[in-house]
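Structure record follows, encoded as structure tokens.
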2 protein chains.
Amino acid sequence: MSALASSNQEGEPQGPAFSPLYRQIKALILRSLQGGEWKPGEAIPSEVELAARFKVSQGTVRKAIDELATENLLVRRQGKGTFVATHAEEDIQYRFLRLVSDAGRRPAPTQREWLDCRRLRSPAEIARGLGLGPGDPVIQARRLLRFDGRPVVLEDIWLPGTLFKGLTAERLAQYRGALYAFFEAEFGVRMIRAEEKVRAVAAGALEAPLLGVSEGMPLLSVERRALTYGDKPVELRRGLYDTSAHHYRNELS
Amino acid sequence: MSALASSNQEGEPQGPAFSPLYRQIKALILRSLQGGEWKPGEAIPSEVELAARFKVSQGTVRKAIDELATENLLVRRQGKGTFVATHAEEDIQYRFLRLVSDAGRRPAPTQREWLDCRRLRSPAEIARGLGLGPGDPVIQARRLLRFDGRPVVLEDIWLPGTLFKGLTAERLAQYRGALYAFFEAEFGVRMIRAEEKVRAVAAGALEAPLLGVSEGMPLLSVERRALTYGDKPVELRRGLYDTSAHHYRNELS
DNA sequence: GAGTGGTCTAGACCACACT
DNA sequence: GTGTGGTCTAGACCACTCC
């Protein structure tokens with residue numbers, strides 16, 4: 001028997017149904033992750049250790065970890081241990097970037113150019129998307145991604161100012177590697193999942209020259225809302241993709 | 001002990017690594033699904049029954065079914081049984097349609113209009129995508145989807161002629177419900193998963209009037225390749241979406 | 001109450017990585 | 001060899017559905 005909340009004895013009539021033990025364990029592990037007890041890239045305690053700590057069987061811990069692994073919060077490595085997922089991993093970088101060259105290669109941007117980075121008071125729409133009050137400080141940055149020298153992606157990024165204190169254009173320009181790895185290492189902000197809204201739009205007079213296309217040219221507009229633990233939004237992004245030699249790839253199942 | 005291929009005793013030096021029992025069970029269940037032993041919507045035998053049939057423990061069958069369930073091939077229903085997934089289910093219809101109204105509603109098309117349906121010899125590009133020889137018979141159909149009366153999606157669909165014998169414009173027009181449910185019920189073809197390539201394009205002179213937009217207007221081009229068992233391609237689709245009041249929604253994780 | 005999937009346990013053994 | 005995750009088993013009990 002574990003020391004955890006046992007089944008559903010009594011309780012309010014409209015109780016939240018029934019939560020199996022392994023989900024309670026999962027919630028505990030999640031809290032440790034969120035609280036930073038184990039840092040991204042580090043190993044968490046072994047299954048037997050956790051089983052002992054929580055006073056449950058190894059199988060129950062396993063099932064909790066299984067779910068966290070399929071949610072990409074943990075990574076299991078046979079023979080080595082279970083590790084906190086990180087955007088710094090070579091093969092996980094640009095995990096959220098769905099852009100692929102028409103030849104099928106999944107390109108890492110060959111060049112990133114920061115065009116702007118400023119702090120300002122949040123416009124109402126941005127504040128709403130980030131769950132902030134209107135007028136709260138936000139950081140806005142703009143960058144251009146090139147593939148094989150050609151500009152393909154123009155992105156505007158909004159971040160909550162309080163979470164990303166000290167973020168400057170210099171530090172952005174300096175960092176090599178994926179942006180989310182940077183956020184993780186420098187600000188302790190982990191992107192867990194994201195939602196995107198994709199549309200076709202016409203290139204505006206301001207953006208067109210940056211992407212090297214003519215005004216009115218169709219571009220892919222990709223609005224992203226990235227979330228961290230507890231589904232808290234921590235980034236808004238609006239990308240304009242030139243899809244004349246690339247496309248947005250998606251798997252349905 | 002089971003009667004199945006036991007671990008990796010000897011074998012060719014470059015054996016395919018190691019296949020756990022539950023994966024072999026999974027493969028067997030998959031074969032039965034593919035062979036039509038259980039039809040879409042029907043219940044498969046209970047876990048204990050399958051365990052007896054395959055001479056393994058219930059836990060092993062469970063793990064096999066677990067994987068098939070996460071791949072959306074089976075659906076578990078506590079207390080009732082495990083069922084073969086079907087596109088005919090109310091809440092699974094339009095499972096692959098990522099289009100959402102900007103208000104956030106996930107619309108079932110209020111009207112579907114078939115504009116064309118013909119048999120022809122496959123163009124080279126289509127044949128390649130469907131894994132056919134050039135000149136093999138294919139069916140091409142075109143339809144328009146309306147939401148709240150407004151045309152939003154114009155789709156061209158290509159199907160292998162041999163798999164969809166007897167498909168006519170009349171039968172298409174007659175059927176109510178999702179297209180994939182129709183394919184499943186009438187031709188025994190089950191769509192398992194799909195890949196999509198999304199781009200922004202300009203409305204052409206021919207398509208623009210059908211969608212009620214002006215020529216040159218940016219549209220979302222969605223190319224889909226749908227696969228059945230064994231990753232065999234059985235449908236190509238090219239949709240043009242008017243994204244002025246709708247968008248393509250995607251979840252990243 | 002009978003049957004189904006869902007949870008939890010305890011223990012044995014296998015595959016893999018490090019040392 | 002030791003420790004880690006991965007597989008497999010057998011059995012008990014729980015939650016849900018239907019009769």
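Chain letters run A, B, ... following the sequence lines, proteins first, then strands; residues in each count from 1. Computation of the quantities below employed the complete heavy-atom set of this structure, encompassing side-chain atoms and omitting hydrogens, waters and symmetry-equivalent molecules.
In this structure the side chain of H247(B) never reaches within 4.5 angstrom of the side chain of V198(A), judged on heavy atoms.
Consecutive Watson-Crick or G-U pairs involving DNA chain C, each under 3.5 Å on both distances, make up stems of three or more pairs at C:1-18 with D:1-18.
Using cut-offs of 30° and 60° on the angle between ring planes, the pair F187(A) and F182(A) is perpendicular.
In the set dT7(C), dT9(C), dG5(C), the nucleotide with an atom closest to the side chain of K63(A) is dT7(C). Side chain of V48(A), nearest nucleotide from dC8(D), dG5(C), dT4(D): dT4(D). For T60(A), whose side chain is taken as the heavy atoms from C-beta onward, the closest listed nucleotide among dT4(D), dC8(C), dT4(C) is dC8(C). Closest approach to the V56(A) side chain among dG5(D), dT9(C), dT7(D) is made by dT9(C) (side chain taken as heavy atoms from C-beta onward). Checking dG6(D), dC8(D), dT7(C) against the side-chain heavy atoms of E47(A) singles out dG6(D) as nearest.
Both P45(B) and V61(A) lie close to DNA chain C; mapped to their nearest nucleotides by heavy-atom distance, the more 5′-ward contact belongs to P45(B).
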For residues 39-46 of chain A, which side-chain N or O atoms pair as donor and acceptor with protein atoms under 3.5 Å away, sequence neighbours left out?
residue	atom	partner	partner atom	Å
K39(A)	NZ	G36(A)	O	3.1
E42(A)	OE1	K39(A)	N	3.2
S46(A)	OG	E49(A)	N	3.3

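Between the side chain of N250(B) and the main chain of E196(A), no donor-acceptor pair closer than 3.5 Å is present.
Among residue pairs with one or both ends in residues 66-92 of chain B, those qualifying as ring pair (Phe, Tyr, Trp, His ring centres under 6.0 Å) are H87(B)-F96(B), H87(B)-Y180(B); sequence neighbours excluded.
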Could you pull out the protein-nucleic contacts involving nucleotides 17-19 of chain D (nitrogen or oxygen on both sides, under 3.5 Å)?
residue	atom	partner	partner atom	Å
dC18(D)	OP1	K80(B)	NZ	3.4

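Taking the six-membered ring for Trp and the full ring otherwise, H246(A) and F147(A) have centroids separated by under 6.0 Å.
Counting non-hydrogen atoms under 4.0 angstrom, R62(B) reaches a base of the nucleic acid.
Applying the side chain to side chain contact (heavy atoms under 4.5 Å, CB included) test to E251(A) and every residue at least two apart in sequence or in another chain returns R249(A), R193(B), E195(B). Every residue two or more places apart in sequence or in another chain that forms a side chain to side chain contact (heavy atoms under 4.5 Å, CB included) with V75(A) is listed here: R77(A), A85(A).
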